[in-house]
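Below is one structure, written out as structure tokens, with a few remarks after it.
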Amino acid sequence: MKESDMNVRLISVNELAGATAINRRALRRLGGRTVSVDMNVRAIPDLNHSMVTLVVTCSYIAVIGLLRTRLLTCSAVATFEVEDLRKHIETEGEDAVLGGQLMTLMLGIAVGSLRGIVAMRTADTPLRNVPLPILDLNALMYRLRYGRY
């Protein structure tokens, strides 16, 4: 099976319960400071059921009083069913890596979901005008070392 012959189905997408944290005290002191966003992705495969769960987390950070201060942390969980998942896993030495095209597809969906969750959670905060930035998924994939788990 070529990697382009993927059959992927989105099973569920949700906000990770209890993982959203808003630092309202820091938001009151934010002013016009620059806000940066950091991303973290974790892939959790279930080879027995041909499923992959992605946990995508973003953290909004600003320098306040000479300290890097976390303003917001938010996570989305997306679960996918992938037909013949084992065929999309490549081994590199001792590491197992999800195929790049598969990971990029799933990551795009998970990040889009996270974007909506962040918009909802920041609607009544000073961060309402700081949406999740447009991400270059190729650069994010490179940073993640092509979706290693």
Side-chain angles (χ1 to χ4, degrees), residues 3 6 8-82 85 88-149:
E3 190 174 12
M6 293 184 292
V8 180
R9 185 169 67 104
L10 179 63
I11 301 296
S12 66
V13 62
N14 297 294
E15 180 176 5
L16 185 60
T20 298
I22 299 175
N23 185 341
R24 296 201 182 271
R25 182 171 182 246
L27 287 176
R28 286 192 297 273
R29 299 178 16 220
L30 181 61
R33 292 178 179 84
T34 301
V35 175
S36 62
V37 179
D38 189 24
M39 295 285 298
N40 187 16
V41 177
R42 181 166 182 216
I44 306 164
D46 179 351
L47 296 176
N48 294 329
H49 296 99
S50 284
M51 297 175 81
V52 177
T53 299
L54 287 185
V55 180
V56 182
T57 303
C58 69
S59 296
Y60 280 56
I61 300 167
V63 176
I64 300 175
L66 301 176
L67 297 174
R68 283 178 42 93
T69 304
R70 191 174 314 267
L71 306 170
L72 167 75
T73 300
C74 191
S75 297
V77 178
T79 302
F80 301 87
E81 182 178 55
V82 181
L85 177 60
H88 295 285
I89 294 183
E90 305 163 6
T91 56
E92 294 180 8
E94 294 181 13
D95 294 329
V97 180
L98 287 173
Q101 186 178 5
L102 174 63
M103 186 65 173
T104 301
L105 173 69
M106 293 187 305
L107 192 56
I109 293 167
V111 168
S113 301
L114 181 61
R115 186 177 307 285
I117 294 167
V118 167
M120 183 182 71
R121 291 293 181 188
T122 60
D124 64 342
T125 73
L127 294 177
R128 69 184 168 277
N129 296 321
V130 186
L132 190 62
I134 295 172
L135 301 170
D136 178 351
L137 291 182
N138 291 326
L140 183 57
M141 289 283 293
Y142 181 77
R143 194 180 117 216
L144 297 171
R145 303 198 295 156
Y146 302 97
R148 290 178 198 251
Y149 58 88

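We count residues from 1, following the sequence as given.
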Practice problem: Count the heavy atoms belonging to other residues, nucleotides or ligands that lie under 6.0 Å from CZ of Arg42, then report whether that count exceeds 12. | Solution: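 No, because the 6.0 Å sphere around CZ of Arg42 holds 12 heavy atoms or fewer from other groups.
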Practice problem: Evaluate the side chain to side chain contact (heavy atoms under 4.5 Å, CB included) criterion for residues Leu98 and Leu85: first the C-alpha distance (whole Å), next the side-chain angles of each, then the deciding distance (0.1 Å), finally the verdict. | Solution: CA-CA 9 Å; Leu98 287 173; Leu85 177 60; 4.2 Å; yes
Quiz item: Step by step, would you call Leu30 with Leu127 a side chain to side chain contact (heavy atoms under 4.5 Å, CB included)?
Solution: CA-CA 10 Å; Leu30 181 61; Leu127 294 177; 4.2 Å; yes
Can you tell me how far the [atom1] atom of [X] sits from the [atom2] atom of [Y], to the nearest 0.5 Å?
{"X": "Ile89", "Y": "Leu47", "atom1": "CD1", "atom2": "CG", "value": "4.5 Å"}
{"X": "Leu107", "Y": "Leu102", "atom1": "CG", "atom2": "CG", "value": "10.5 Å"}
{"X": "Leu16", "Y": "Thr73", "atom1": "CG", "atom2": "OG1", "value": "11.5 Å"}
{"X": "Leu114", "Y": "Cys58", "atom1": "CG", "atom2": "SG", "value": "4.5 Å"}
{"X": "Met106", "Y": "Leu10", "atom1": "CE", "atom2": "CG", "value": "11.0 Å"}
{"X": "Met51", "Y": "Phe80", "atom1": "CE", "atom2": "CZ", "value": "10.5 Å"}

Quiz prompt | Close side-chain approach of Val63 and Arg33, heavy atoms under 4.5 Å | solution =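 Counting from C-beta outward, Val63 and Arg33 never come under 4.5 Å.
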Quiz item: Applying salt bridge (Lys or Arg N to Asp or Glu O under 4.0 Å), which residue pairs with at least one partner in residues 122-141 are found, sequence neighbours left out?
Solution: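 Qualifying pairs: none.
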Exercise. Tell me, please, which residues at least two apart from Thr53 pass side-chain hydrogen bond (donor to acceptor under 3.5 Å, both in side chains).
Key: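 If we apply the side-chain hydrogen bond (donor to acceptor under 3.5 Å, both in side chains) test to Thr53, skipping adjacent residues, the hits are Thr79.
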Exercise. Give the minimum heavy-atom separation between Val82 and His88, together with the two atoms involved.
Key: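 Closest pair (atom of Val82, atom of His88, distance): CG1-CD2, 3.7 Å.
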Quiz item: Does Asp38 have any salt bridge (charged side-chain N to carboxylate O under 4.0 Å, His left out) partners at least two apart in sequence or in another chain, and if so, which?
Solution: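 For Asp38, the residues satisfying salt bridge (charged side-chain N to carboxylate O under 4.0 Å, His left out) (neighbours in sequence not counted) are Arg143.
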Exercise. Please name all residues satisfying salt bridge (charged side-chain N to carboxylate O under 4.0 Å, His left out) with Arg115, sequence neighbours left out, ordered by chain then number.
Key: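 Checked Arg115 against salt bridge (charged side-chain N to carboxylate O under 4.0 Å, His left out); zero matches.
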Practice problem: Among residues two or more places apart or on two chains, list those pairs meeting side-chain hydrogen bond (donor to acceptor under 3.5 Å, both in side chains) that have a residue in residues 57-67. | Solution: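 Pairs touching residues 57-67 that pass the test: Thr57-Ser75, Ser59-Arg70.
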Self-check item: Pairs involving residues 10-27, ordered by first then second residue, that meet side-chain hydrogen bond (donor to acceptor under 3.5 Å, both in side chains) (sequence neighbours left out)
Solution: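 Pairs touching residues 10-27 that pass the test: Glu15-Thr20, Glu15-Arg121.
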Practice problem: Begin from the C-alpha positions of Leu132 and Val37 and carry the test side chain to side chain contact (heavy atoms under 4.5 Å, CB included) through to its verdict. | Solution: CA-CA 7 Å; Leu132 190 62; Val37 179; 3.7 Å; yes
Exercise. Spell out, as yes or no, whether a donor-acceptor pair under 3.5 Å connects the side chain of Arg29 to the backbone of Ala26.
Key: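 A pair under 3.5 Å: no.
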Exercise. Please report the C-alpha distance between Leu71 and Ile64 in whole Å, then the side-chain angles of each, then the deciding distance to 0.1 Å, and finally whether the side chain to side chain contact (heavy atoms under 4.5 Å, CB included) criterion is met.
Key: CA-CA 10 Å; Leu71 306 170; Ile64 300 175; 4.0 Å; yes
